[in-house]
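Quick note on labels: first sequence line is chain A, next is B, and so on, each numbered from 1.
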Amino acid sequence: MFIKRSNLFHSFVGLLVIFTILVTGCSKTTIDQENTSDNEKQKVVTFSWPGDIGDLNPHTYFPNEFFSQAMVYESLVYYGKGGEIQPWLAESWDISKDGKEYVFHLRKDVKFSDGSLFNAAIVKKNFGTILDNRKQHEWVGLINQIKDTKIIDEYTIKLILNNVYYPTLQELTYIRPLRFVGEAAFPDSQNTFKDGLKSQIGTGPWVLSEYKKNEFAVFKRNEQYWGLKPKVDKVVVKVITDGESRVLAFEKKELDFIFGNGVISQDSFQFLKNSGQYETKLSEPTATRTLLLNSNREATKDLKVRLALQHAFNKQAVIDKIFYGMEKKADTLFPPILPYTKINIEPYEYDAEKAKMLLDEAGWKQVKGKLFREKDGKELQLELLFNSTDNIQKSIAEFTQGDFRKLGIDVKLTSQETNTFWTTAFQGKFDLLFTATWAVPFDPHSYLASMTTNSENGSPDYNAQLGLPVKKEIDQKIKKVLLTTDEEDRKILYSDILTTLHEQAIYLPISYQSNIAVYQKNISGVDFLPQEAEVPLTSIDVN
Amino acid sequence: MSWFIFKRLTSLIPILLGISLITFILLYLIPGDPAVAYLRASHIPPTNETVAALRVELGLNKPLYVQYFVWLGKVLQLDLGMSYVSNNSVWEEIMVHFFPTVQLTFASLILIVVISLPIGMISAIYKGKFVDQFSRIVAFVSVSMPTFWLGFLLIYFLSVKLDLFPVLGRGTLAHLALPSLTLAFAYIGTYMRLLRASMLGNLNEPFVVYARARGLRQRLIVFRHVLKRSLLPVITGLGMSFGNMLSGAVIVETIFSWPGMGQLFVTSILNQDYPMIQGCVLFMGVIFVVCNLLVDLTYSFLDPRIRWEGEK
């Protein structure tokens, strides 16, 4: 026996000492400690994100995050305020008369963070690797339209399209996949989608300087940056999965600001705002929170049922009780401040009596002694699918269940985890589904385009619209509008499409989502950028 | 003695095989298709053709038992596959996340021992007195308070209000304090009462009466004879809890953004990252079994009767 019984107690204490040494001895320098000494010389801002930044590759999707990709990589053109396309890595561009060729004149003063030159050759190479994986990016209409890229001279590149495609410039502003990595970042196979990057080399204002997966990422200012240099030297992004923990860390001043959509609960935002100790801001509407009604299911196939649901849903109550009045009531699929989305329609107002009448007309009658309406002996049950990790969806779902019950509609709530949720949604196995438009620069054209195909990275709308008698017509109009060069025709077509979708009552817009910002009083320059997913790190300053 | 260890070790083989079998089958019980999940994670459209091709590539078209043996063969070489999401080796990712969990668990274990044992001992000695009543209340609160609630309370009062500890982050002892206390708290009450009950039982044993009759001092009786005997069930329990904590610190890791196994496991479930889920379940299962084995062996060193039983 290797432990003498008489020494048991001492052995036990000894073990504890070893444990303590292990626990403390393995300690590393934390990001906070490091920053304390750095802070004297450098300006650092800290914020948090619910997940890891991913492998920071602009040509791939999950687990990459939009905001971090936008910090390091840039596009040829920039999506400015009000949807205005501005020069970025390309200082100007010419469009051929037939609209099929775009010639981009690149800035000459741009270098990648490793010092290598940004020129036409590297643009072509990046386009090449993206187009090699065309299938994976097919949700971006432009990818399907690009025929070829040609180097005209060192700083001029031509994009040749198959067809005239009006949102070309708009889609070039997307945070992914049409952004550029430096030569040294390419893997040996040259395929950045399949084999990832060797290192994260971009032209953007930030460079990843330190990273610990699922813990933190530190970005330092790119001193070679060609554009307006960030005001702070470093940005620390801490991974905080829980919203309440995020709020507590902010109160403790471990975070300088909280930014985004759904990163903290509405309650917490209201609490921080009312405390008067912090600055808070709410952005203009970015996207629309919507219920998608499946026209390909037994009950919701009937337009009258869909219309009934539109009148049965009390949006104002949801906004007052769940959002504390923070989100604006939505009457149309897209916020009317976007290009082409202001249409002349009559909104569906909350009217329970009208909803009952429409249900009666649809054949779903109240039966004495029964709680729910029936048609041919079948109860009116609708399955509402929601994402189990989204607290807002859960609250609205429960509210809807209670409210619809009064009208004799049995709402069955199905909660699934994110991945399963999307799988079920893509298969069209729902009557009602929570969805949201994609915000600018994707709205309205990319979101509408995604309705026309059953593609990956698209939306579940295609299947949900299959039961519409006008589905083909809508799809044709959407495809047409993307290839229309005449501005007036485009306006008419968009108006037609959005009016038809409204008349078909396939979408039940609830509210227009906004980004929130909460920041300490010594922080300035917090503003909302045109693209919802971008964090205003370049303009932020610490006073 | 060596025969006892040998017997215990060989008995592990069927248990580990059982765990591997359950882990393997478990994935077929989760809704969804691994091939589709893989394609989605890789952003490849899951059409009939791509799914069929991938099923062949991943060997999912083979009979279940063949798949199991192929998988087991790889597992024995510590090849748990590649994560569908990050494309990194599952084993390496587990190793990265296991260390923070070990750190948290050790710290919690220290707190459990340091807090619950003295209080348990004193409340046994002063049975029915104030200290005993107090420990009863602490134990009641400890076992009934939800972990997430306690975590937020500790952050709010000790960190935000009193500014004693950082809210989040990892590295120093200060960072470790709140998460480990949160994790330990639920166990503190249990071990406090366990030691108390065990000591009370032993204090009535004839050897204590004999010791008293020999004129030994109370302190000597308690520390040298009673405490040592009474610690046995506590050590067994601690060993089991250690395994529990290593594999079940999910809530604490979420509240404190502690990048451990719990977080890795939950994220991989949310992402339907099948190889990672499989790897985590198997790894946690093995850890649990190994902890139990170590407890058994320790116990047999401390109480030879168990060893003799085992060797018969």
Does any heavy atom of chain A fall under 4.5 Å from the side chain of Asn88(B), the backbone, both, or neither of them? side chain
Does atom NZ of Lys394(A) have more than 12 heavy-atom neighbours, drawn from other residues, nucleotides or ligands, at distances under 6.0 Å? no
Rounded to the nearest 0.5 Å, what's the gap from CG on Leu168(B) to CD on Glu215(A)? Could you check? 11.0 Å
Is any side-chain heavy atom of His97(B) closer than 4.5 Å to a side-chain heavy atom of Asn214(A)? yes
Is it true that, when you exclude Phe148(B) itself, more than 12 heavy atoms of the residues, nucleotides or ligands shown sit nearer than 6.0 Å to its CZ? no
Taking atom CD as the centre, does Gln190(A) end up with more than 12 heavy-atom neighbours from other residues, nucleotides or ligands that are less than 6.0 angstrom away? yes
Residues two or more places apart in sequence or in another chain: which of them pass salt bridge (Lys or Arg N to Asp or Glu O under 4.0 Å) with Lys213(A)? Glu93(B)
Looking at Tyr156(B), I'd like to know if its OH atom is crowded, meaning that more than 12 non-hydrogen atoms belonging to other residues, nucleotides or ligands lie closer than 6.0 Å. no
With a 3.5 Å distance limit and no angle check, can you tell me whether Ser245(A) reaches the backbone of Phe256(B) through a side-chain donor-acceptor pair? no
Going by heavy atoms in the side chains, are Thr241(A) and Gln263(B) under 4.5 Å from each other? yes
Looking at Leu264(B), Val160(B), Ile155(B), which one has more heavy-atom pairs under 4.5 Å with chain A than the rest? Val160(B)
Please check if the side chain of Glu254(A) supplies one atom and the backbone of Val167(B) the other of a donor-acceptor pair under 3.5 Å. yes
Taking CZ in Phe207(B) as the centre, count heavy atoms belonging to other residues, nucleotides or ligands within less than 6.0 Å. Is the count above 12? yes
Determine the option with the most heavy-atom pairs under 4.5 angstrom with chain B, choosing from Asn133(A), Asp55(A), Asp52(A), Asp242(A). Asp242(A)
Steps toward side chain to side chain contact (heavy atoms under 4.5 Å, CB included) verdict (Val239(A), Ser257(B)): CA-CA 7 Å; Val239(A) 178; Ser257(B) 298; 5.8 Å; no
Under 4.5 Å heavy-atom distance to chain A, tell me which part of Phe165(B) shows up: side chain, backbone, both or neither. backbone
